[in-house]
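Taking it in order: structure first as structure tokens, then the write-up.
We count residues from 1, following the sequence as given. Just so you know, ligand 1 is whichever comes first in the structure, and atom 1 is the first atom listed for that ligand. Values in this document were obtained by computation on a predicted structure and should not be read as measured data.
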Amino acid sequence: MRLILASGSSARRTMLSDAGVAFDVERPNVDEDAAKAALAATGTYPRDTADALAQLKALRVSQRAPAALVLGSDSIVELADGTLLDKPESREDACDHLRRMSGTRVRLHSAAVMALGSQPVWRHVDTATLHVRALSADFITRYLDAEWPAIAACVGCFRIEGPGVQLFAAVEGSHFTILGLPLLPVLDYLRTRGVLTS
Ligand SMILES: Nc1nc2c(ncn2[C@@H]2O[C@H](COP(=O)(O)OP(=O)(O)OP(=O)(O)O)[C@@H](O)[C@H]2O)c(=O)[nH]1
């Protein structure tokens, strides 16, 4: 069965290809901001928001390729006070996000939804907890000098596989979830579907 990753995320592409999974890529081209606003208006919990966005992406591509298994995904950063961070739109935005995360506990929810024939057939959400150090103004400046604009594509303003790891005193949960996919449950489902060998 053909697998399509409905994502423009380089980290998701890299995780799947490094795992030896054969897949095509099609960007879902959904209006995430509008979907997030509608979900926020109904008081949707952050992990459910990630799940809903992952489903929106998977179904959008599945409508174009109903015979393929389509994987949609979404990652959301939830601050300790429950507010959500989107990807930073500018260096100033990234600086603000880092200041708000400094010295706090942040949750990163990564959701995956599989669709077939324009219907969701599997879903999984995993959450990692990130304990952010107290970040000095000097650290934030030097960090952004090194990592902007590369982190513009990353919710939470970090690439944990790179210098972003310096933000954290501790992390709890799957490294893959932090990168953007609950990878092990995804691989398990691909085995049940015969896309991967058991
Ligand atoms: N490389 C890297 N990317 C991260 C990290 N944390 C979060 N991300 C990325 O942040 C992005 C979260 O935004 P999403 O809206 O879920 O996905 P996207 O990049 O817009 O791509 P789509 O799936 O097409 O929506 C994803 O691409 C994640 O892979 C990290 O530590 N390292």
Side-chain angles (χ1 to χ4, degrees), residues 3-19 21 23-40 44 46-65 70-79 84-89 93-94 97-98 101 106-115 120 123-133 143-144 146-168 170-183 186:
L3 175 65
I4 299 175
L5 173 62
S7 176
S9 167
S10 59
R12 293 185 179 123
R13 281 200 306 274
T14 300
M15 275 189 271
L16 282 180
S17 54
D18 286 354
V21 180
F23 61 98
D24 298 322
V25 175
E26 284 205 30
R27 290 174 180 268
N29 297 324
V30 300
D31 184 346
E32 287 191 55
D33 292 340
K36 280 180 186 171
L39 289 160
T44 306
R47 58 177 286 126
D48 296 333
T49 296
D51 175 71
L53 287 165
Q55 176 170 293
L56 182 66
K57 298 174 195 180
L59 293 182
R60 177 64 55 84
V61 173
S62 185
Q63 286 157 6
R64 302 199 291 255
V70 179
L71 169 60
S73 187
D74 192 75
S75 295
I76 282 194
V77 164
E78 176 190 3
L79 298 181
L84 308 185
L85 290 187
D86 289 321
K87 287 179 280 190
E89 293 178 359
D93 215 17
H97 288 186
L98 292 165
M101 294 194 304
V106 167
R107 286 199 180 102
L108 193 154
H109 309 281
S110 282
V113 171
M114 297 271 193
R123 56 187 352 110
H124 188 92
V125 184
D126 190 44
T127 298
T129 300
L130 308 167
H131 299 274
V132 183
R133 295 188 302 106
Y143 173 76
L144 290 176
E147 283 291 278
W148 186 264
I151 54 170
C154 303
V155 72
C157 301
F158 58 82
R159 297 186 292 179
I160 197 162
E161 73 278 21
V165 71
Q166 291 192 39
L167 300 183
F168 307 112
V171 297
E172 298 155 41
S174 163
H175 182 74
F176 302 115
T177 293
I178 298 169
L179 286 172
L181 262 182
L183 181 63
V186 164

### Message
Quick test: of every protein heavy atom, which one is nearest to atom 19 (O) of ligand 1, and how far off is it to 0.1 Å?
### Response
K87 NZ, 3.6 Å
#### Entry: Under 3.5 Å: N/O of P28 near N/O of ligand 1
no
### Message
Does ligand 1 come near enough to R159 that some N or O of the ligand is less than 3.5 Å from an N or O of the residue?
### Response
no
### Query
Between S75 and S110, is any side-chain donor less than 3.5 angstrom from a side-chain acceptor?
yes
## Note on the structure
Per-atom filter on ligand 1: closer than 4.0 angstrom to a heavy atom of E161 are 1 (N), 2 (C), 30 (C), 31 (O), 32 (N)
### Query
E26 pairs by side chain to side chain donor-acceptor pair (under 3.5 Å) with which of K57, R64, R60?
R64
### Task
Could you find the nearest protein heavy atom to atom 25 (O) of ligand 1 and give me its residue, atom name and distance?
K57 NZ, 2.7 Å
### Top protein contact for atom 3 (N) of ligand 1, by heavy-atom distance
C154 SG, 3.5 Å
### Min N/O separation I178 to ligand 1 under 3.5 Å
yes
### Query
Does I160 reach ligand 1 with a nitrogen or oxygen that is under 3.5 Å from one of the ligand's nitrogen or oxygen atoms?
yes
### Message
Is there a polar contact between ligand 1 and L108, counting only N or O atoms under 3.5 Å apart?
### Response
no
### Query
So, E172 versus H131: side-chain donor-acceptor pair below 3.5 Å or not?
yes
### Task
Taking the side chain as every heavy atom from C-beta outward, state whether T14 and L179 have any atom pair closer than 4.5 Å.
no
## Note on the structure
All heavy atoms of V125 vs all of A111, minimum pair found to be CG2-CB, 3.8 Å
### Task
Number the atoms of ligand 1 from 1 as they appear, then name those within less than 4.0 Å of a heavy atom of S73, with their elements.
23 (O)
#### Entry: Which residue and heavy atom of the protein sit nearest atom 23 (O) of ligand 1, plus the separation
S7 OG, 2.6 Å
### Summary
atom 27 (O) of ligand 1 has as its nearest protein heavy atom S9 OG, 2.8 Å
### Message
I need the nearest protein heavy-atom contact for atom 15 (O) of ligand 1: residue, atom name and distance, please.
### Response
E32 OE1, 3.2 Å
### Task
Report yes if some N/O of G180 lies less than 3.5 Å from some N/O of ligand 1; otherwise report no.
no
### Message
Can you report which non-hydrogen protein atom sits closest to atom 11 (C) of ligand 1, along with the distance?
### Response
A153 O, 3.4 Å
### Query
Okay, side chain of R107, backbone of L130: is any donor-acceptor separation there less than 3.5 Å?
no
### Message
Between ligand 1 and G164, can you find any atom pair, the residue atom being a heavy atom, that is separated by under 4.0 Å?
### Response
no
### Query
Hey, would you say the Y143 and F158 ring centroids sit under 6.0 Å apart?
no
### Query
Just wondering, do L84 and K36 contact through their side chains at under 4.5 Å, heavy atoms?
no
### Message
Can you see whether R12 engages S73 through a side-chain donor-acceptor pair at a distance of less than 3.5 angstrom?
### Response
yes
### Task
Can you sort out which atoms of ligand 1 are near D74, meaning under 4.0 Å from one of its heavy atoms?
14 (P), 15 (O), 16 (O)
#### Entry: Ligand-residue contact atoms, ligand 1 with S75, heavy atoms, under 4.0 Å
16 (O)
#### Entry: Region of S10 engaging ligand 1 - heavy atom pairs below 4.0 Å
neither
### Summary
Among non-hydrogen protein atoms, atom 4 (C) of ligand 1 lies closest to L179 O, 3.5 Å
